[in-house]
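I have a structure here, written as structure tokens, and I will follow up with some questions on it.
In this text, all values refer to a predicted model and were calculated from it rather than measured experimentally.
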Amino acid sequence: MTDTKALRETIESSGMKYKHIAASVGLTPYGLQKKIDNDSEFKGSEIAKLCQLLGLSIYDKERIFFSH
């Protein structure tokens, strides 16, 4: 389950727009929002792209995408 609050804070601090992030990951802005809200799950490839785009460390990746 994605830590919605932590991911939103990370996106906000990056200064990037949701539309840009969604396009970079291969999603629509609506699709990205559904995944952030845990209405659907991120695929491994989407997580990898997000981590690269947002400059997430391995620790942050685990904390945001794989914590319960």
Side-chain angles (χ1 to χ4, degrees):
M1 178 179 262
T2 302
D3 183 337
T4 299
K5 183 178 182 228
L7 183 53
R8 283 195 175 133
E9 288 171 355
T10 301
I11 290 171
E12 186 175 318
S13 68
S14 77
M16 288 184 251
K17 303 287 184 192
Y18 274 78
K19 186 174 181 177
H20 169 73
I21 293 169
S24 297
V25 175
L27 297 168
T28 64
Y30 179 71
L32 177 63
Q33 190 62 50
K34 285 184 63 117
K35 291 179 184 237
I36 291 172
D37 290 339
N38 288 305
D39 291 334
S40 61
E41 292 185 17
F42 282 103
K43 295 178 185 175
S45 61
E46 294 165 343
I47 291 172
K49 288 177 186 176
L50 277 172
C51 289
Q52 183 179 10
L53 186 65
L54 298 172
L56 296 178
S57 67
I58 292 172
Y59 169 78
D60 288 332
K61 174 183 172 182
E62 294 294 321
R63 181 178 58 87
I64 292 171
F65 296 104
F66 301 107
S67 65
H68 295 287

Query raised in the report: How many angstroms lie between atom CD of Glu62 and atom CD1 of Ile47, to the nearest 0.5 angstrom?
Result: 9.5 Å
Report task. Give the intermediate values and the outcome of side-chain contact (heavy atoms from CB on, under 4.5 Å) for residues Ile21 and Ile11. Result -> CA-CA 9 Å; Ile21 293 169; Ile11 290 171; 3.5 Å; yes
Report task. Can you measure from CZ (Arg8) to CG (Asp3) and round to the nearest 0.5 angstrom? Result ->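 Reported value, rounded in 0.5 Å steps: 10.5 Å.
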Query raised in the report: How long is the gap from CG on Leu7 to CG on Asn38, to the nearest 0.5 Å?
Result: 9.5 Å
Query raised in the report: Taking C-beta and beyond as the side chain, do Leu27 and Gln33 meet within less than 4.5 Å on heavy atoms?
Result: no
Query raised in the report: What's the spacing between Lys61 NZ and Gln52 CD if we round to 0.5 Å?
Result: 11.5 Å
Requested in this report: Identify the two heavy atoms, one from Glu41 and one from Lys35, that lie closest to each other, and give their separation to 0.1 Å.
Outcome: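 Nearest pair, atom of Glu41 first, then Lys35: O-NZ, 3.0 Å.
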Query raised in the report: Taking side chain as C-beta onward, heavy atoms only, is Ile36 less than 4.5 Å from Thr2?
Result: no
Query raised in the report: Roughly how far, to the nearest 0.5 Å, is CZ of Phe65 from CG of Leu50?
Result: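 Leu50 atom CG to Phe65 atom CZ measures 5.0 Å (nearest 0.5 Å).
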Requested in this report: Look at Lys5 together with Glu9 and state whether they make a salt bridge at an N to O cut-off of under 4.0 Å.
Outcome: yes
Query raised in the report: For the residue pair His20 and Met16, what are the closest heavy atoms and their distance?
Result: CD2-SD, 3.6 Å
Query raised in the report: Looking at Lys19 and Pro29, what are the two nearest heavy atoms and their distance?
Result: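 Heavy-atom minimum between the residues: CA-CG, 4.1 Å.
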**Report entry** Value rounded to 0.5 Å, distance of OG1 in Thr28 from NZ in Lys34
**Finding:** 9.5 Å
Requested in this report: Answer whether the closest heavy-atom distance between the side chains of Phe42 and Ile64 falls below 4.5 Å.
Outcome: no
Query raised in the report: Are any non-hydrogen side-chain atoms of Asp60 and Thr10 less than 4.5 angstrom apart?
Result: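 They are not in contact (no side-chain heavy atoms under 4.5 Å apart), so the answer is no.
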